[in-house]
Structure formats: structure tokens, C-alpha cells
There are 2 protein chains.
Amino acid sequence: MEQAMLKDIIDRYEAAHFLVNRRLNAMFRELMPEDLTVDQLSTLRYLQLHNRSTSSELADIFCVGKSSITAIVTRLFDKNLIQRLPDEKDRRVIYLALTEEGRQICDHMNDKIDVLLAKYIEPFSEQEAIGFIETFEKLAKGMMQS
Amino acid sequence: MEQAMLKDIIDRYEAAHFLVNRRLNAMFRELMPEDLTVDQLSTLRYLQLHNRSTSSELADIFCVGKSSITAIVTRLFDKNLIQRLPDEKDRRVIYLALTEEGRQICDHMNDKIDVLLAKYIEPFSEQEAIGFIETFEKLAKGMMQS
DNA sequence: ATCAAATAGTTCGATAGTAGAACTATATCA
DNA sequence: TGATATAGTTCTACTATCGAACTATTTGAT
């Protein structure tokens, strides 16, 4: 790709990324129940998909320090939404898992989020949506590796 | 689009969005000079593109309350990166603009960010990149309207 | 022309997320 | 066995955010 075109694509990507990010975050915030934040829900949702994760894994995935994870996990633990399950073999390790209440909130929020996102994705043709998501996934993969 | 396909697209979109977001944010954080945050730079960059904006406009664009903007603007003002220019006609209004120092930091960071993003976008063919960005912009536009 | 309502921006108090350093406890390995 | 690495927590400090209360100004309805 030539320089001028690449620069154009980058500028447009940044603008769209910023806009979608800010808008989506605000819309998610509005969906949230009283006592839960967007980041807290992200944590619950990750644990729903990856049961018995650990603080270290969350820190890697969320790209933050372990002390940030301790803070967020403690808040969710205090709300009785996640459990801390010590590993029997390696006593340094503490697995994290949803409680029944955490699972229910997750399920409920998943439905709400699906409805919200469907509104924006539905207008696209199947072909366009698939093409888009495939490129998006390649981009994500590229960022995973470095 | 049929339901099962839509649901699949939504799940994949969410996963890629989360990953790209978190990774990009972390990479931006690493690029930042000592005394500047990612959100502060976003504000500077918006002002570079939209000179003489106002707090209310920033609050709309960033999807946050006006008091959040006051906080961030005050920090940038204290660092001498932006100016506050009262409107002559309507004395409630205060226009915001970069200082010379703010402009320089912006230019410098724009270059760094372009290099970073180029690394991830370069691998795509021109055709794929354009198709992707066009759909992304449509998505952004859809979110602007509601 | 006046006064109520709207608008622009700030202040204040509270909370969440984050970094980074210091710390504890445990495991690994040379 | 002892040094080093790893998992997680605690603590302090800071930024971003909300929402309510506030000031100053403008707009608009009567």
C-alpha cells in the first residue's frame, strides 16, 4: 500500500475507532444495573467464557497490572458475584469463578448487550458483516502477537 | 440476516473489539510522555482538528458529563497545553484551543501513533483495508444517529 | 420590559480504575 | 539447600468519571 493511502486509512481508522469506542462505552454504561460498572461486567463476562481463570491471566488479557485486577476482583467478590478457589496443588494460585448470582447477572446483561449491538449490526448485509469481522479479527490477531 | 448468523457476528465483534481496545490502549499508554495520559492526548488531538471547540462540545463528543471535561481541561490548562478564550458575544462560552506547546506535543505524538498503527494496518491489501474502513465508518455513523 | 427557564461552565464529594513499589507466601531449580 | 521466580495482596497516589449544587449569562414568553 502506498504511503498516502496508508496515512488516509490510519486517520479514518482512528476517527472511527474513537467514535465507536466512546459511544459504545456510553451505551453500555446506560445498560448497567445500579451497582455494576462496565469494567466489572467485562470481568464477569470473561470469567463466564473462561472459567477458573486467575488474576495473572486477567491482568494479561486486560492489559493492566495485577494490582488493578486485585481491586476489581475484590469488589466483585464483596458483591458475591465471583468466588476465589485456591488451587490444591500450587498454593500461590487462586482460581476465579462466577457465583450463581454472578452467572445470572451475566446472562441477563448478555441478552441486553446482544439486543443493543444487533440494532447496529443488523443493517449490514451478511456478506459485508462477515468481510468486516474477518478483517477485524485479523487486526486483533496482529495485535496479540506483538 | 438470520438470527444465528447475527448472533455469531455479534459475539465475534465483541471479542475483537475488546481485544483491540485493550491492546491499543496499552500500547498508546506506553507511547505517552511522562506527564500526559491517553485521555488528555485525545483531548489535545480533538482540539487540533476542531479548533475553538467548547467544553459542551467535548462533553458531547467524548460522551461524558461537562464536569469531566472541566477536570481534564483544567489539567491541560495547568500544563500550559491549551488556552481558554472567552467568547466576546456570549459571555457564558469559553473556546478552547491548543497553545504552541500543545500543538508541538500533538504533532510529535501523531507521528508516533501513525508509526504504531501502520505496523498493524500495513499487512492488509489496499482493497481489504478500504472495505474494512468503509464498513467501520458506516457502523460509527449508525451509532452517531441514535 | 421583565422575569422564568434554559444554557455554559465550575465546584465539590464520592467512587472506580490504574500504576508501581513493597510485601507475603509458595514453588522451582541449580 | 538456598537463590530466584512466581502469584497474589496491600498501600499510596493519581486520573476519570458522575451527579448535584452552584454562578453567570442569555433566551424567550407574556
Side-chain angles (χ1 to χ4, degrees), chain A residues 18 21-23 25-44 46 52-79 81-97, chain B residues 18 21-44 46 52-79 81-96:
Chain A
F18 177 80
N21 243 3
R22 287 282 180 169
R23 290 277 178 304
N25 204 48
M27 291 187 287
F28 273 45
R29 233 161 26 215
E30 279 177 18
L31 287 189
M32 300 302 293
E34 186 51 45
D35 57 343
L36 204 61
T37 68
V38 173
D39 285 336
Q40 285 167 14
L41 179 62
S42 296
T43 306
L44 294 182
Y46 183 84
R52 286 173 166 261
S53 183
T54 65
S55 286
S56 298
E57 181 181 337
L58 286 177
D60 274 354
I61 297 291
F62 283 65
C63 303
V64 296
K66 288 192 292 178
S67 63
S68 302
I69 299 298
T70 297
I72 203 166
V73 161
T74 298
R75 286 184 200 108
L76 291 168
F77 182 83
D78 290 346
K79 290 174 195 168
L81 300 180
I82 66 180
Q83 303 167 269
R84 285 179 157 118
L85 306 169
D87 186 327
E88 308 266 305
K89 302 272 180 58
D90 186 339
R91 295 171 57 195
R92 294 170 303 181
V93 175
I94 300 179
Y95 294 111
L96 302 170
Chain B
F18 177 81
N21 244 2
R22 287 281 180 171
R23 289 279 178 303
L24 262 194
N25 205 48
M27 290 187 287
F28 273 46
R29 232 158 29 211
E30 279 178 19
L31 288 189
M32 299 303 292
E34 185 51 46
D35 56 342
L36 205 62
T37 68
V38 174
D39 284 337
Q40 285 168 13
L41 179 63
S42 295
T43 307
L44 295 182
Y46 183 83
R52 288 173 165 264
S53 184
T54 64
S55 285
S56 297
E57 181 181 336
L58 286 176
D60 273 355
I61 297 292
F62 284 67
C63 304
V64 296
K66 288 191 294 177
S67 63
S68 302
I69 300 297
T70 297
I72 203 166
V73 161
T74 298
R75 284 181 202 111
L76 291 169
F77 182 83
D78 289 346
K79 291 175 195 168
L81 301 181
I82 67 180
Q83 304 167 268
R84 286 179 157 118
L85 306 169
D87 186 328
E88 308 266 305
K89 303 271 178 58
D90 186 339
R91 296 171 57 195
R92 292 170 303 181
V93 175
I94 300 179
Y95 293 110
L96 302 170

Think Thr54(A) has a side-chain N or O under 4.0 angstrom from the OP1 or OP2 of dG8(D)? yes
Under 4.0 Å, heavy atoms only, any strand: does Ile72(A) hit a base, just the sugar-phosphate, or nothing? sugar-phosphate
Check whether any side-chain nitrogen or oxygen of Ser55(A) sits under 4.0 Å from OP1 or OP2 of dT9(D), and answer yes or no. yes
Roughly, in whole Å, what's the span from CD1 in Ile94(A) to P in dA25(C)? 13 Å
Count the heavy atoms belonging to other residues, nucleotides or ligands that lie under 6.0 Å from CZ of Arg91(B), then report whether that count exceeds 12. no
Measure the distance from CE on Met32(B) to P on dT15(D) and round it to the nearest whole Å. 13 Å
Closest-nucleotide mapping onto DNA chain C: is Lys89(A) or Ser67(A) further toward the 5' terminus? I mean the 5' end. Ser67(A)
May I ask you to verify if any side-chain N or O of Ser68(A) is less than 4.0 angstrom from the OP1 or OP2 atom of dA19(C)? yes
Below 4.0 angstrom from OP1 or OP2 of dT10(C), is there any side-chain N or O of Arg84(B)? yes
For atom CG of Asp60(B) and atom P of dT17(D), their distance in whole Å: 14 Å
Tell me the interatomic distance from Glu88(A), atom CD, to dT26(C), atom P, rounded to whole angstroms. 14 Å
State, yes or no, whether a side-chain contact exists between Thr74(B) and Arg84(B) at a heavy-atom distance under 4.5 Å. yes
Inspect the surroundings of CZ in Arg29(A) and state if more than 12 heavy atoms from other residues, nucleotides or ligands are less than 6.0 Å away. yes
Between Arg75(A) and Arg91(A), name the one whose nearest nucleotide on DNA chain C is closer to the 5' end. Arg75(A)
Partners meeting salt bridge (charged side-chain N to carboxylate O under 4.0 Å, His left out) with Arg22(B) (sequence neighbours left out): Asp39(A)
Does Arg22(A) have a side-chain nitrogen or oxygen under 4.0 Å from the phosphate oxygens OP1 or OP2 of dT17(D)? yes
Distance in angstrom units between Ile69(B) CD1 and dT17(D) P, rounded: 7 Å
Just how far, in rounded Å, is P of dA27(C) from CG of Asp90(A)? 5 Å
Just how far, in rounded Å, is P of dA16(D) from CG of Asp78(B)? 13 Å
Among dT18(C), dA8(C), dA20(D), the nucleotide that comes nearest once only the side chain of Val93(B) is considered: dA8(C)
OP1 or OP2 of dC18(D) less than 4.0 angstrom from a side-chain nitrogen or oxygen of Arg29(A), does that happen here? yes
If you only use heavy atoms from C-beta on, which nucleotide in dT15(D), dT9(D), dG17(C) is closest to the side chain of Gln40(A)? dG17(C)
Looking at dT24(C), I'd like to know if its phosphate oxygens (OP1 or OP2) sit under 4.0 Å from a side-chain N or O belonging to Arg92(A). no
Between CG of Leu58(B) and P of dA8(C) the distance, given in whole Å, is 13 Å
Does dA16(D) have OP1 or OP2 sitting under 4.0 Å from an N or O in the side chain of Thr37(B)? yes
Across all chains, not counting sequence neighbours, the side chain to side chain contact (heavy atoms under 4.5 Å, CB included) partners of Ile61(A) are Tyr46(A), Glu57(A), Phe18(B)
The residue, Lys66(A) or Lys66(B), whose nearest nucleotide of DNA chain D is more 5′ is Lys66(A)
Is there a side-chain contact between Leu36(A) and Leu44(A) (heavy atoms, below 4.5 Å)? yes
